[in-house]
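See below for the structure under consideration.
Given the structure is predicted, the values throughout are model-derived calculations rather than measurements.
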Amino acid sequence: METKGTILSYRPDVRVVDATIRDGGLVNDFRFTDEFVKNLYKANIKAGVDYMEFGYKASSDIFPKADFGPWKFCDESDIRRIVGDNDSDMKIAVMADVGRTDFKRDIIDRSNSVIDLVRVATYINTIPAAIEMVEYCHEKGYETTINIMAISNDNDTDIDEALDLIGHSSVDGIYIVDSYGAIYPEQMRKLADKYLAFAEKYNKYVGIHAHNNQQLAFANTIEALSRGVSYLDVTVSGMGRGAGNCASEILLGFLKNPKYNILPILDILEKEILPLKEQGVIWGYDIPYLLTGQLNQHPRTAIAATREKRTDYRKFYVDLVDYK
């Protein structure tokens with residue numbers, strides 16, 4: 001597959017998707033103030049961001065509402081409290097996890113909602129359930145994606161079968177998700193080409209959601225972009241679970257489309273992100289995340305080590321190897 005565009009060009013099919021509240025919410029239990037969310041919403045509009053993901057559509061039967069902020073659940077009234085009728089060109093997204101969302105109860109008709117896009121998160125072994133959710137949301141009038149998590153754990157045969165199943169569905173887009181931050185750019189290139197071949201066959205688009213365990217989230221994002229991947233996930237300051245994600249400010253400074261403007265994001269970094277860090281909210285690259293990324297493991301052990309402020313890196317690594 002040929003490279004699409006050059007470092008000096010821009011492609012009109014590219015869409016930037018801000019996932020700060022959703023992925024970032026995993027580090028503070030989604031307890032963002034309304035002021036923070038509203039300021040980010042306004043900044044994303046000014047920055048030319050195409051979609052803003054507000055959080056999860058999690059089931060309150062599984063996750064008690066008292067234990068989380070509102071963006072774990074993304075009730076219609078909570079989103080509208082921030083965006084009103086969203087009188088802007090930026091679209092609103094939410095994520096629905098397979099097995100953790102009561103989608104038939106909590107996802108209402110698109111005609112009654114300010115949400116535009118429902119992103120269905122799934123592992124490869126729950127693709128049929130993801131497709132059921134997609135078909136439901138499609139009938140309700142939403143744009144949809146299927147985001148296959150932890151793809152670094154899956155083999156080519158299973159990925160091919162999954163992409164073929166998804167291709168026959170009504171989904172609009174398919175996401176490469178490097179949940180463990182384990183993928184290297186050369187591997188990302190091959191994955192992107194595989195996804196894009198199926199996407200072209202079935203008239204879908206491809207997106208990427210990268211984690212920064214090995215400081216490769218930006219590199220993998222632009223590698224996928226260069227192959228033809230068009231939906232690019234970012235978070236401000238890379239805020240997200242564990243090592244975080246591709247940073248908005250890095251990608252917006254790279255993309256050559258004049259519609260994108262880094263300045264509003266720099267304002268958010270100064271006025272909203274720095275105070276969060278001063279309050280003790282922690283995310284971003286650290287040695288434990290590096291090691292779980294190198295070993296292609298879920299970052300839960302690294303998250304625990306970071307919370308405990310462990311610096312016994314050698315022992316941590318040996319324990320990971322023994323665990324693996």
### Query
Stepwise, does the side chain to side chain donor-acceptor pair (under 3.5 Å) test hold for Asn212 with Tyr289?
CA-CA 8 Å; Asn212 205 37; Tyr289 297 125; over 6 Å; no
Tell me if the [atom1] atom of [X] is crowded by more than 12 foreign heavy atoms within 6.0 Å.
X	atom1	result
Tyr202	OH	yes
Glu161	CD	no
Glu186	CD	no

### Query
Has Lys256 got its NZ or CZ under 6.0 Å from the middle of the six-membered ring of Phe254, at an angle within 45 degrees of the ring axis?
yes
### Message
Using a 6.0 Å distance limit plus a 45 degree cone around the ring axis, check whether Lys57 lies over the aromatic ring of Phe73.
### Response
no
Should [X] and [Y] be regarded as members of a common hydrophobic cluster, given that ILVMFWY residues are connected when their side-chain heavy atoms come within less than 4.5 Å of each other, either directly or indirectly?
X	Y	value
Leu191	Ile127	yes
Ile146	Val206	yes
Met149	Ile166	no
Tyr231	Ile222	no
Tyr205	Val234	no

Strictly by modelled atom types, are [X] and [Y] linked by a side-chain donor-acceptor pair under 3.5 Å?
X	Y	answer
His209	Asp23	yes
Arg22	Tyr56	yes
Tyr260	Asp50	yes
Tyr123	Asn153	no

With a 3.5 Å distance limit and no angle check, can you tell me whether [X] reaches the backbone of [Y] through a side-chain donor-acceptor pair?
X	Y	value
Asn296	Ser152	yes
Lys204	Val171	yes
Thr126	Ala129	no
Asp312	Lys315	no
Asp158	Ala162	no
Asp106	Thr101	no
Glu135	Ser169	no
Arg110	Ser113	yes
Gln215	Tyr285	no
Thr145	Asn147	no

Is [Y] close to [X] at the side-chain level, that is, under 4.5 Å between some pair of heavy atoms?
X	Y	value
Thr292	Leu320	yes
Arg241	His211	yes
Thr301	Leu291	no
Tyr142	Leu117	no
Ile176	Ile148	no
Tyr10	Leu255	no
Ser230	Arg11	yes
Arg15	Leu232	no

### Query
Taking Trp71 as the fixed residue, which of Phe30, Phe54, Phe63 is the one that meets the ring pair (Phe, Tyr, Trp, His ring centres under 6.0 Å) rule?
Phe54
Between [X] and [Y], does at least one N-O distance fall below 4.0 Å, as a salt bridge requires?
X	Y	result
Asp193	Arg227	yes
Asp75	Lys65	yes
Lys91	Glu143	yes
Lys4	Asp13	no
Arg105	Asp102	yes
Arg310	Asp286	no
Lys190	Asp156	no

### Query
Going through the checks in order, is the salt bridge (Lys or Arg N to Asp or Glu O under 4.0 Å) test met by Asp109 and Lys140?
CA-CA 5 Å; Asp109 287 345; Lys140 290 289 184 180; 2.9 Å; yes
### Message
Asp18: which residues meet the side chain to side chain donor-acceptor pair (under 3.5 Å) condition with it, sequence neighbours left out?
### Response
Thr20, Asn44
#### Entry: Check: Tyr195 ring centre within less than 6.0 Å of Tyr175 ring centre
no
#### Entry: Check against salt bridge (Lys or Arg N to Asp or Glu O under 4.0 Å), Asp85 and Arg80
CA-CA 7 Å; Asp85 291 329; Arg80 287 186 180 273; 2.8 Å; yes
### Message
Let's go through Arg31 and Asp67 carefully: what are the C-alpha distance in whole Å and the side-chain angles of both, what is the deciding distance for salt bridge (Lys or Arg N to Asp or Glu O under 4.0 Å) to 0.1 Å, and is it a yes or a no?
### Response
CA-CA 10 Å; Arg31 299 186 187 281; Asp67 293 346; 5.6 Å; no
### Residues clustered with Tyr184, ILVMFWY side-chain links under 4.5 angstrom
Leu216
